[in-house]
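Take a look at the structure below.
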Amino acid sequence: MHHHLLQSLRLCATGGNPFSCKALHARILKIGLDQHGPLPNTLIYMYAKRGLLKDALQVFDDMRQRDLVSWASILTAYNRANLPNRSISIFPDMFGRDSLQPDHFVFASLVNSCAALNALQIGRQVHAQFVLSEFSSDDITKSSLVDMYAKCGSLDNARAVFDTICTKNSVSWTAIISGYAKAGRKSESVKLLRDMKVQDLFSWTALISGLIQSGHFVSAFHLFVEMQKEGIKIIDPFILSSVIGASANLAAQELGKQVHCLVLKLGFESNLYVCNTLIDMYAKCSDIIAAKTVFLYTVEKDVISWTSIIVGLAQHGKAKEALSLYNDMISCGIKPNKVTFVGLIYACSHVGLVNKGCDLFKSMVDDYGLKPNLQHYTCLLDLYSRSGYLDEAENLLNTMPFEVDEAVWASLLSACKRFGKTQMGIRIANRLMGLGVKDPSSYILLSNAYAGASMWENVAKVRRLMEAIDVKKEPGYSCVHLGKETEVFYAGETGHPMKNEMQVLLKDLDEEMRKRGYVPDVSFVLHDMGKKEKENQLFWHSERLAVAYGLLNGVPGSVIRVVKNLRVCGDCHTVLKFICSIVGREIVVRDASRFHHFKDGRCSCSDFW
DNA sequence: GTAGGGTTAG
């Protein structure tokens, strides 16, 4: 009888409908076996596995005699239900109410809770208890400890525990590899993988995903190719969503498309994670149409699918579509979260929908109980300042419950310049000076603000400050993607084999632009030099070189796609608006903060960036 | 009968 019931419970844990779980539980209650032998613990296990935490708890609380198995099961249930803090808080009851000492199962679960909570201090305490216990040689708990220390950023501790594991298996290796890779310690993580005797998809995924999380996108791709050459079969989609994410970060559309093909070939196109990363990837590669197509074909869209497309549309200046999709999302019964509202307010700020943006901000708090973070305030501030509501913006800046950074002040200062608010500009500039400035572009803003008010002493002061702390501008570079090939240009680069052709083309364009009213805005040049020299500096900015190369080598009529590491320079922005209409081509630039679709003499960012 | 590692949006 028991065996039959136990077997049914275990079956229910992995399949069938929730109703059959309850029916089985009812039958056990009816025949009075609910406190009998292994049955109550197996009930907890079943409910936990099915994500029915309340029912698991009910059984746990009703048990006359809980043992270590009950405890281990309920802690796992909390962890599964994403409530690791509950594990930590009920744990002391194990000593008090039930007079039990933890075993290795309980230790492993607790360590897991600490890992999920990033609770290094508690984790250390659990580790200490584990070391003092009679289970201190348990390798599985040690694997959990490796994972916990790695996730809490304490790599040396992770390594120390890892070295004490007697029989290292795939899980222990994967935990330590993941730790090193996520911390960006590339060579060490790769070496660890090579030291492993039998590598599997898990360990490769840990390495590649970890490196992607720490920004080593290109290395990750090389390893992904190597993994496939090694004959590792991709039997689940985890690694695919990671690699698609890397393509998005590189804005490498061709690469992303190739991985998309692999997804189709392997049959993972209906996996939600894969769909969500594909939507984001196409949006980040400036192919918003492809992003929308994937979105439409995503069957069970969740809040991340909706948010990804809303944010994508917003970043491409398609605010109306983003807002309309938000309405669809609500109609579908999907609840927006903080990220969704970042995208929505951002969308509003791009098209000057000030009231709509404020309403959304209010709705986030009042209707969805979400507490705005710094990013929401920054978006709101942007919304005001882009539309010229500078007093409101300054007021918000002075009353918001966050310390704001240099970038926020700088953005308001640039709005002052744009709307000719000289006095406010000086006020903001003084605040910014007091804050201590690091970003080179802030110095340009400051210098221009003081120069605009003829405050030459302050201009000189900014310059002295700049020299004193030796502001180093990160070298600007732009990539242009032409089919499968990518060409990289650095500002002022003169050694390129096609330099002469590019120079001739840019000269011709410059002539035509000047006929149409272009005047170079040398205020964007940081260095102290004459006007002609400054103009010459601008002429060799990397985004222009990339566009020139694209015009010379790309398929006629095709969209020119450029990715820049820094923000587009203001003068280049004007130039690209001229160029797109002179040559009748669409130019898309993804810079460090947003997308610019240049078409018919205009840009999708409405000249704010 | 219970435990450990790898994926998505700002």
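Every heavy atom of this structure was used, including side-chain atoms; hydrogens, water molecules and symmetry mates were not.
At the phosphate of B:dA9, neither OP1 nor OP2 sits under 4.0 Å from any side-chain N or O atom of A:Asn276. Side-chain N/O atoms of A:Lys284 include none lying less than 4.0 angstrom from OP1 or OP2 on B:dT8. Between A:Gln315 and the phosphate of B:dA9, there is no side-chain N or O to OP1/OP2 separation shorter than 4.0 Å. A close approach under 4.0 Å does not occur between any side-chain nitrogen or oxygen of A:Asn271 and OP1 or OP2 of B:dT8.
Where stacking is scored as ring centres under 5.5 Å apart with planes under 30°, A:Phe105 does not register as stacked on the base of B:dA3. Where stacking is scored as ring centres under 5.5 Å apart with planes under 30°, A:Tyr45 does not register as stacked on the base of B:dG1.
Between the side chain of A:Asn169 and the base of B:dG4, at least one donor-acceptor pair of N or O atoms lies under 3.5 Å.
Side-chain proximity of A:Asn337 to B:dT7, B:dG4, B:dA9: nearest is B:dA9. Comparing atom distances between the A:Val311 side chain and each of B:dG10, B:dA9, B:dG6 picks out B:dG10 as nearest. Candidate nucleotides B:dT2, B:dG6, B:dG5 were compared by shortest atom distance to the side chain of A:Ser73, and B:dT2 ranks first. Comparing B:dT2, B:dA3, B:dG6 against the side chain of A:Val69 picks out B:dT2 as the nearest. In this structure, the nucleotide among B:dG1, B:dG10, B:dT8 sitting nearest to the side chain of A:Val342 is B:dG10. Side chain of A:Ala206, nearest nucleotide from B:dG6, B:dG1, B:dG4: B:dG6.
A straight line from CG of A:Leu272 to P of B:dA9 spans 12 Å, rounded to a whole angstrom. Between A:Phe135 atom CZ and B:dG4 atom C1' there is a gap of 16 Å when expressed in whole angstrom units. When the C1' atom of B:dA9 is taken as reference, atom CG of A:Leu344 falls 12 Å away, rounded to whole Å.
Between A:Phe95 and A:Phe91, the angle of the ring planes goes over 60°, which puts this pair in the perpendicular group of the 30/60° scheme.
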